[in-house]
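These notes are about the structure you will find just below.
Lettering follows sequence order; numbering is per chain, from 1.
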Amino acid sequence: MRPFNLESPKQLQQILFEKLQLPVLRKTPSGTPSRPKTCWRNSRRRHLLPRHILEYRGLAKLRSTYTEKLPEQIDPDTGRVHTSYHQAVAATGRLSSMDPNLQNIPIRSPEGRRIRQAFIAPPGYRLLAADYSQIELRIMAHLSGDEGLLRAFAEERDIHQATAAEVFGVAADAVSHDQRRSAKAINFGLIYGMSAFGLARQLGVSRSAAQTYVDLYFTRYPGVRRYMEATRAQARNDGYVETVFGRRLYLPEIRSRNRQLQQYAERSAINAPMQGTAADIIKRAMIAVDQWCQRDDIPARLIMQVHDELVLEVREDFLSKAAAEVGRLMSEGG
DNA sequence: GGTTCAAGCGCG
DNA sequence: AAAGCGCGCTTGAACC
């Protein structure tokens, strides 16, 4: 018998599953019992130990990846951390940031935000971040031409609230927190090509309830359903999908007899035009913003891109002018 | 000393 | 059986 390493995360988790009596919902090919991740993560509501372990993992990630590593990556010449952006990595046309990755600096947790606070501008300068609001859903509205969705955006509505009002048949100001949360999950799910099954798992409701939400959504936004169906059909016919600006993603597996590969290709076909068009738009904005920055006497520099967000370094006295101009360039393209 | 893989985490 | 897209980094295990 092999030595039993109690510090092996896998073994620890395995023992924990038994002690906590989490159900075995499937087995791996080798016969090892296995529980879905969500089951394990949900168990933290009932059990103290999983809660502590998940908290520990999050903190360990922050320490090992950011707190300990980033200071080592400071360039001695400039005193800054410099990333490399790669243009031909992500299939959808996004940039990817490497060595170090500055597109995944923490922000979602309070502890993570403390790490982000370490990123500062030089004396006399400030960081200016400008991001697109709901850009992929706006693109979905554009591509689908759905009247209801286009109207909601034209009226600058809170889109998740507006969706909830439509799907649950209530007035916008009567939408509950849970209804908005569900609508948000539906909206994200649509962008990702998610099924009713996936939505059910995400929301913790029954499959039939999730199916009801999806059906209701498509009744309210029929253009979106038409668009989704047309995109799948087009991908299957042509073997590729493309963005508004013509960037293509080839999907040979859309005709695979392997159902898993075929469905994955379908989800990619749904997602790529939206994610890819967003990538095209911000790249054009980057060119416009940088050209503006390079003009004489403009005390602002484009220093980072995070998919739907541009970050600039701006001289303090120029901040409001820069914010206005960057906003204009990002929405109108110059 | 190195590589490769999976798991698990960070972000949009 | 799997059933939500796109990424990168760290860790530990297994192996050379």
So [X], base contact, sugar-phosphate only, or nothing? Heavy-atom distance under 4.0 Å.
| X | answer |
| --- | --- |
| A:D131 | nothing |
| A:R108 | base |
| A:A196 | nothing |
| A:I107 | sugar-phosphate |

Consider the side chain of [X], meaning its heavy atoms from C-beta on, and name the nucleotide among [options] that approaches it most closely.
| X | options | answer |
| --- | --- | --- |
| A:V306 | B:dG12, C:dA2, C:dG8 | B:dG12 |
| A:P106 | B:dG12, B:dC11, C:dA3 | B:dC11 |
| A:K61 | C:dG6, C:dC9, C:dA2 | C:dC9 |
| A:Q260 | C:dA2, C:dC9, C:dG6 | C:dA2 |

- request: Would you mind checking if A:E147 and A:R226 are paired as a salt bridge, meaning a charged N to carboxylate O distance below 4.0 Å?
  value: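 Salt bridge between A:R226 and A:E147, a charged N being under 4.0 Å from a carboxylate O: no.
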
field: Cationic N near anionic O, under 4.0 Å, A:D178 to A:R181
entry: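 Yes, charged N to carboxylate O under 4.0 Å.
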
When you measure from the side-chain N and O atoms of [X] to the phosphate of [N], is any distance below 4.0 Å, counting only OP1 and OP2?
| X | N | result |
| --- | --- | --- |
| A:S96 | C:dG8 | yes |
| A:S268 | C:dG6 | yes |
| A:R57 | B:dC9 | yes |
| A:Y66 | C:dG8 | no |

query: Paired with B:dA6 by Watson-Crick or G-U wobble geometry, both distances under 3.5 Å: which nucleotide is it?
result: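 Partner of B:dA6: C:dT11.
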
task: Can you tell me the pairing partner of C:dA3 across any strand shown, Watson-Crick or G-U wobble, with both distances under 3.5 angstrom?
output: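 Checking every strand shown, C:dA3 finds no partner, since no pair has both distances under 3.5 Å.
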
- request: Working to the nearest 0.5 Å, report the span between OG1 of A:T163 and CG of A:L137.
  value: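 Here the interatomic distance stands at 7.0 Å.
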
message: Working to the nearest 0.5 angstrom, can you tell me the gap between A:Y132 OH and A:R138 CZ?
response: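 Output value for this atom pair is 11.0 Å.
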
Atom-pair distance ([atom1] on [X]; [atom2] on [N]), nearest Å:
| X | N | atom1 | atom2 | result |
| --- | --- | --- | --- | --- |
| A:Q73 | C:dC9 | CD | P | 9 Å |
| A:L70 | C:dG8 | CG | P | 16 Å |
| A:Q275 | C:dC5 | CD | P | 11 Å |
| A:R114 | B:dG10 | CZ | P | 16 Å |
| A:E55 | B:dC9 | CD | P | 13 Å |
| A:M98 | B:dG10 | CE | C1' | 16 Å |
| A:I105 | C:dC9 | CD1 | C1' | 11 Å |
| A:M194 | C:dG6 | CE | P | 15 Å |

message: Can you work out whether A:P100 or A:S195 has the more 5'-proximal nearest nucleotide on DNA chain C?
response: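 Its nearest nucleotide being more 5', the pick is A:S195.
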
message: Among A:L149, A:L150, A:L216, exactly one meets side chain to side chain contact (heavy atoms under 4.5 Å, CB included) together with A:Y221. Which residue is that?
response: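 The side chain to side chain contact (heavy atoms under 4.5 Å, CB included) with A:Y221 is passed solely by A:L149 among A:L149, A:L150, A:L216.
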
A:A164 versus A:V175, closest heavy-atom pair with distance: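 Minimum heavy-atom separation between A:A164 and A:V175: CB-CG1, 3.6 Å.
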
- prompt: Minimum heavy-atom separation for A:D146 to A:P222, with atom names?
  reply: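 It is OD2-N, 3.2 Å.
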
For the side chain of [X] and the base of [N], is some donor closer than 3.5 Å to an acceptor across the two?
| X | N | value |
| --- | --- | --- |
| A:K69 | C:dC9 | no |
| A:N104 | B:dG10 | yes |
| A:R94 | B:dG12 | yes |
| A:R267 | C:dG6 | no |
| A:Q103 | C:dC7 | no |

query: Distance between the P atoms of C:dA2 and B:dG8, in whole angstroms?
result: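 Each nucleotide's P atom is 15 Å from the other's.
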
- request: Using the C1' atom as the reference point in each nucleotide, state the distance between C:dA3 and B:dC5 in Å, no decimals.
  value: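 Going atom to atom, C1' in each nucleotide, I get 24 Å.
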
